[in-house]
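Working notes, beginning with the structure itself.
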Amino acid sequence: MRPVSNRAHRRKPLDLDPPKIERPTFWTRLRDRFAPTPSVGPVCVAEFPNRVAADMATGFLRSHGINAHTSADDAGGTDPIYQMAFGVRVLVPSGQAEEAGRLLAEANE
């Protein structure tokens, strides 16, 4: 005969009720599908037709304490004609996008 455990009184009672799962309604699924997702990575604040203008804007933003970078799809600089076709983008972190846009707008006035 096996001895009875004297820890039986310490066990928690079983929760036999299944957890309630709130199923999304049609409208919440539709809202979530088309809601804008918050941007986490770099954000494009300006686009220029060549790298020189984009580098000037990047330097302007960096002088104001914004971590700006340029991004161009010009085959690593070997085909500069692609700069005019696709543009050169100025990218900043998403937290600094509003301030960068404001500074560039003030500089263009």
Side-chain angles (χ1 to χ4, degrees):
M1 181 177 213
R2 262 176 98 175
V4 178
S5 170
N6 41 350
R7 295 186 185 151
H9 65 281
R10 295 183 188 171
R11 291 187 195 137
K12 295 180 182 175
L14 295 176
D15 186 18
L16 300 178
D17 295 332
K20 296 204 176 204
I21 299 173
E22 293 185 20
R23 300 199 182 269
T25 64
F26 171 78
W27 296 109
T28 56
R29 286 193 311 262
L30 188 66
R31 181 199 62 209
D32 294 342
R33 182 176 178 188
F34 293 106
T37 56
S39 180
V40 179
V43 176
C44 177
V45 291
E47 191 169 327
F48 295 95
N50 56 22
R51 187 177 286 274
V52 174
D55 285 340
M56 288 175 61
T58 301
F60 174 73
L61 292 174
R62 284 183 181 173
S63 69
H64 283 85
I66 295 176
N67 189 14
H69 298 282
T70 57
S71 173
D73 188 14
D74 59 354
T78 60
D79 279 335
I81 194 72
Y82 288 149
Q83 292 175 8
M84 291 181 67
F86 300 115
V88 181
R89 294 168 299 282
V90 176
L91 304 173
V92 298
S94 60
Q96 298 176 334
E98 289 182 24
E99 184 181 358
R102 183 183 54 80
L103 284 171
L104 288 175
E106 288 176 1
N108 287 334
E109 290 178 354

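This one's a predicted model, so the numbers in the text were calculated from it and none came from an experiment. Just so you know, these numbers use all the heavy atoms, side chains as well, and skip hydrogens, waters and symmetry mates.
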hydrophobic_cluster_shared for Phe48 and Val92, side chain cutoff 4.5 Å:
yes

Residues that Asp79 engages under side-chain hydrogen bond (donor to acceptor under 3.5 Å, both in side chains), provided they are two or more places apart
none

Looking only at heavy atoms, what is the nearest atom pair of Thr58 and Ala68, with distance?
CG2-O, 3.4 Å

Going by salt bridge (charged side-chain N to carboxylate O under 4.0 Å, His left out), name the pairs with one or both residues in residues 42-61, residues two or more places apart or in two chains.
Arg51-Asp74

Ring pair (Phe, Tyr, Trp, His ring centres under 6.0 Å) contacts touching residues 76-109 (sequence neighbours left out)
Tyr82-Phe86

N/O donor-acceptor pair under 3.5 Å between Gln83 side chain and Ala72 backbone
no

In one Ile/Leu/Val/Met/Phe/Trp/Tyr side-chain cluster, 4.5 Å: Ile66, Leu91
no

NE2 on His64 to CG on Leu104, rounded to 0.5 Å
10.0 Å

Go through the structure and list residues passing side chain to side chain contact (heavy atoms under 4.5 Å, CB included) with Thr25, not counting sequence neighbours.
Trp27, Thr28

Identify the two heavy atoms, one from Val88 and one from Ala54, that lie closest to each other, and give their separation to 0.1 Å.
CG1-CB, 3.4 Å

Salt bridge (Lys or Arg N to Asp or Glu O under 4.0 Å) involving Arg62 - partner list, sequence neighbours excluded
none

Under 4.5 Å between side-chain heavy atoms, counting indirect links through other Ile/Leu/Val/Met/Phe/Trp/Tyr residues: same cluster for Val52 and Met84 or not?
no

I need the full list of salt bridge (charged side-chain N to carboxylate O under 4.0 Å, His left out) pairs touching residues 97-109, with sequence neighbours left out, sorted by first then second residue.
Arg102-Glu106

